[in-house]
Amino acid sequence: MIPEPEAGQARRLLPELVLVGITIIWGFTFYVTQIGLTHSGPFFFVGLRFATATLVLAAVSTRSIRAGFTRLELGASLSIGLVMVAVFGFQAAGLLTIPSSKSAFITALYVPLVPLMELFFLQRMPRRMVWIGIVMAFIGLILLAGPEQVVALRLGVGETFTLLCAVAAAAQIVLIGLFADRIDTRRAALIQLGTVSIGCFALMPVFGERVPSLSAPLFLTTGGLGVASALIQVAMNWGQRSVAPSRATLIYAGEPIWAGLIGRVAGERLPGIALIGAALIIGGVIVSELKISRKPKIVPA
């Protein structure tokens with residue numbers, strides 16, 4: 001029989017490993033998305049991707065759906081879904097006037113924003129080592145995006161939209177952490193995915209985007225990404241039941257590492273400073289797990 005402490009550690013480790021798995025899938029989706037966006041505008045592409053994800057999840061969740069949606073599930077999941085629409089919408093709006101490298105840097109601000117939101121809105125104070133890990137991961141993300149982005153940073157229209165994207169991304173993680181243990185994982189993900197799909201389709205006329213020519217590459221990429229999105233959203237809802245938002249953020253910060261590794265396999269090359277950034281992100285995750293033991297006070301006899 002496995003000793004209870006080891007069993008407890010295994011139960012705590014499993015959700016974190018699931019979240020790590022999400023970041024690996026994200027790394028693949030980033031590369032596939034780049035291919036798909038050559039055949040479609042961003043909002044139609046994301047809308048079709050999440051519509052596919054909604055249909056896939058609905059097909060495998062009939063028993064859960066029959067049980068019925070609670071009022072809390074509807075309200076919480078709709079809120080998370082609308083925040084996710086804001087993430088995609090603000091990011092796309094920003095990319096109209098700023099390069100993707102600057103967008104990646106500003107979006108990375110969600111990393112330090114999550115523990116701040118957790119502190120102010122959930123009244124949870126992350127541990128000291130978690131804060132140190134957050135700082136390390138954020139510096140690592142800056143190195144991955146390119147330090148020149150810090151020097152060139154100015155708050156124009158595109159930068160402001162992307163900053164709002166970072167705030168929305170942080171809010172998404174915190175909201176999932178707030179409601180995850182009180183709602184059904186699949187039913188919640190179904191509402192979230194459907195909300196993103198409808199929201200992105202609705203934003204098309206706002207940005208002057210038209211329906212593209214339908215093609216096999218478009219359906220193949222959105223189909224594959226749809227299956228991945230369904231898996232990711234269910235895994236996030238399940239994993240964050242027991243993983244605090246600040247800890248989950250550190251794990252999610254590893255996504256650019258996997259994207260870079262996959263890109264390298266595809267022929268891209270990461271500069272040396274980006275590799276240092278990747279090491280800092282991994283170090284931040286490890287450091288956040290350390291606990292400082294305080295020496296007991298010696299009481300004089």
Please name the pair of heavy atoms, one in L19 and one in A235, separated by the smallest distance, quoted to 0.1 Å. CD2-O, 4.1 Å
Euclidean distance, C200 SG relative to L48 CG, rounded to 0.5 Å: 11.0 Å
Could you list the residues that satisfy side chain to side chain contact (heavy atoms under 4.5 Å, CB included) with V167, not counting sequence neighbours? L113, M117
Kindly state each residue pair satisfying side chain to side chain donor-acceptor pair (under 3.5 Å) with at least one member in residues 215-229, sequence neighbours excluded. R49-S229
Rounded to the nearest 0.5 Å, how far does CD of Q240 lie from CD1 of I173? 6.5 Å
Side chain proximity check, M204 to V211, heavy atoms < 4.5 angstrom: yes
Atom pairs and distances, side-chain donor-acceptor, residues 190-199, under 3.5 Å, sequence neighbours left out:
{"from": "Q192", "atom 1": "OE1", "to": "Q233", "atom 2": "NE2", "distance (Å)": "2.8"}
{"from": "Q192", "atom 1": "OE1", "to": "N237", "atom 2": "ND2", "distance (Å)": "3.3"}
{"from": "T195", "atom 1": "OG1", "to": "I191", "atom 2": "O", "distance (Å)": "2.7"}
{"from": "S197", "atom 1": "OG", "to": "G47", "atom 2": "O", "distance (Å)": "2.9"}
{"from": "S197", "atom 1": "OG", "to": "A51", "atom 2": "N", "distance (Å)": "3.4"}

By side-chain hydrogen bond (donor to acceptor under 3.5 Å, both in side chains) - contacts of R241 (at least two apart): T185
Where at least one partner belongs to residues 56-89, residue pairs that pass ring-ring contact (aromatic ring centres under 6.0 Å, His included), sequence neighbours excluded: F50-F88
Quick test of your reading: applying side chain to side chain donor-acceptor pair (under 3.5 Å), list the pairs with at least one residue in residues 198-210, sequence neighbours left out, ordered by first then second residue. none
Side-chain heavy atoms under 4.5 angstrom apart, residues restricted to Ile, Leu, Val, Met, Phe, Trp, Tyr: same cluster for V87 and L109? no
Under a single-linkage definition using a 4.5 Å side-chain heavy-atom cutoff for Ile, Leu, Val, Met, Phe, Trp and Tyr, are L231 and I183 assigned to the same hydrophobic cluster? yes
With rounding to the nearest 0.5 angstrom, report the CG to OG distance, L175 to S79. 7.0 Å
With salt bridge (charged side-chain N to carboxylate O under 4.0 Å, His left out) as the rule and sequence neighbours excluded, what pairs involving residues 53-75 come up? E73-R187
Of all residues at least two apart in sequence or in a different chain, which pass the side chain to side chain contact (heavy atoms under 4.5 Å, CB included) check with L55? none
Is the backbone N or O of G156 less than 3.5 Å from a side-chain atom of E159, with the two atoms forming a donor-acceptor pair by type? yes
Tell me whether M84 shares a hydrophobic cluster with V56, the cluster being built from Ile, Leu, Val, Met, Phe, Trp, Tyr side chains joined at under 4.5 Å. no
Counting neighbours of CZ on F121 that are heavy atoms of other residues, nucleotides or ligands and sit closer than 6.0 Å, is the number greater than 12? no
Identify whether V85 and V206 are in the same connected component of the hydrophobic contact network (ILVMFWY, side-chain heavy atoms under 4.5 Å). yes
State the CE-CD1 distance between M136 and I139, to the nearest 0.5 angstrom. 8.0 Å
Scan for ring-ring contact (aromatic ring centres under 6.0 Å, His included) pairs involving residues 208-255, sequence neighbours excluded, and state none if there are none. W26-Y252
Would you mind reporting whether L163 and F90 have side-chain heavy atoms less than 4.5 Å apart? no
Straight-line distance of L57 CG to T62 OG1, nearest 0.5 Å: 10.5 Å
Side-chain donor-acceptor contacts of residues 37-44 below 3.5 Å, not counting sequence neighbours, with atom names and distances?
{"from": "T38", "atom 1": "OG1", "to": "I35", "atom 2": "O", "distance (Å)": "2.5"}
{"from": "S40", "atom 1": "OG", "to": "F45", "atom 2": "N", "distance (Å)": "3.4"}

Give the minimum heavy-atom separation between F138 and P112, together with the two atoms involved. CD1-CD, 3.9 Å
Please say yes or no: joined through hydrophobic side-chain contacts below 4.5 Å, possibly via intermediate residues, are I251 and I25 part of one cluster? yes
Just how far is it from atom OG of S61 to atom CZ of R186, taken to the nearest 0.5 Å? 4.5 Å
Which heavy atom of A86 sits nearest a heavy atom of A168, and at what distance? CB-CB, 4.0 Å
Which atom names give the shortest non-hydrogen contact between V174 and V114, and what distance separates them? CG2-O, 4.0 Å
For a quick test of reading the model, state the closest non-hydrogen atom pair linking T162 to G158 and the distance between them. OG1-O, 2.8 Å
Closest approach of Y110 and A166, non-hydrogen atoms and distance? CB-O, 3.4 Å
What pairs of residues pass the ring-ring contact (aromatic ring centres under 6.0 Å, His included) test when at least one of them lies in residues 155-182, not counting sequence neighbours? none
Hits for side-chain hydrogen bond (donor to acceptor under 3.5 Å, both in side chains) against S246, two or more places apart or cross-chain, chain-then-number order -> E118
